[in-house]
Amino acid sequence: MHQEHQKLVRALADQHALADVQDHDEGVPDEAFDILVERAQALMAYEKQMPALLVEPERVRSQKVIFWSWRVQSAVAITLIVAFRLLGHSDWWYALVVPHLVGTFCGWRIEATVKDHLARRNGSLALHAVGVLLVLGVLSPWFIVAFLIGWAVVVTAVADGQGAGK
């Protein structure tokens, strides 16, 4: 990326030097001036996209974490539903686990954008950690309220992602 930037800067500097020499001799021809402007615009366009290029490796990592965290969470929910059925637990668990499963399917559509990939990655991981602790009985059932707030954040993120895609 640095080499590409340097290449664009050198091309602009070379064209500027050429235009400067021509300006002292007989004036800058329109073609030389147009090339100078094109190279300056190319450099500005590249510099405008540099922040996105710099964060791209981290965004890709966040996308992988988000992708797999939601699929693993779906597999855990399915496993819990089957285990509750096989172990004969009461049906009230289904009221928590089935909506959780449906919610994990909504999380499958969350994308890691350049702007907020870290927030979405951390939110996904935190929501899953709270869910695991709730299921294991480590956290009080009152944390279900926090869990539901987390799901509201997921729904908002999915809705924001769809709105941004339009």
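All residue numbers refer to positions in the sequence shown, counting from 1.
Cluster annotation: I66 and L125 are assigned to distinct hydrophobic clusters (Ile/Leu/Val/Met/Phe/Trp/Tyr, side-chain heavy-atom contacts under 4.5 Å, transitive). Note on V76: it does not cluster hydrophobically with W68, by side-chain heavy-atom contacts below 4.5 Å among ILVMFWY residues. Both L80 and L101 are assigned to one and the same hydrophobic cluster, defined by single-linkage of ILVMFWY side chains at heavy-atom distances under 4.5 Å. Cluster annotation: W70 and V102 are assigned to distinct hydrophobic clusters (Ile/Leu/Val/Met/Phe/Trp/Tyr, side-chain heavy-atom contacts under 4.5 Å, transitive). V114 and V60 are assigned to two separate hydrophobic clusters, defined by single-linkage of ILVMFWY side chains at heavy-atom distances under 4.5 Å.
Pairing each heavy atom of R59 with each of A112, the nearest pair is NH1-O, 2.9 Å. Of all non-hydrogen atoms in Y94 and F84, the two that sit nearest each other are OH-C, 3.8 Å.
Taking CD1 of I110 as the reference point, atom CG of D116 lies at 10.0 Å (rounded to 0.5 Å). Between atom CZ of residue R120 and atom CD of residue Q63 there is a gap of 9.5 Å, rounded to the nearest 0.5 Å.
Using a 4.5 Å heavy-atom threshold, the side chains of L118 and E58 count as touching. The shortest side-chain heavy-atom distance between I81 and R85 does not fall under the 4.5 Å cut-off.
Residues satisfying the ring pair (Phe, Tyr, Trp, His ring centres under 6.0 Å) test with W108, not counting sequence neighbours, are F105.
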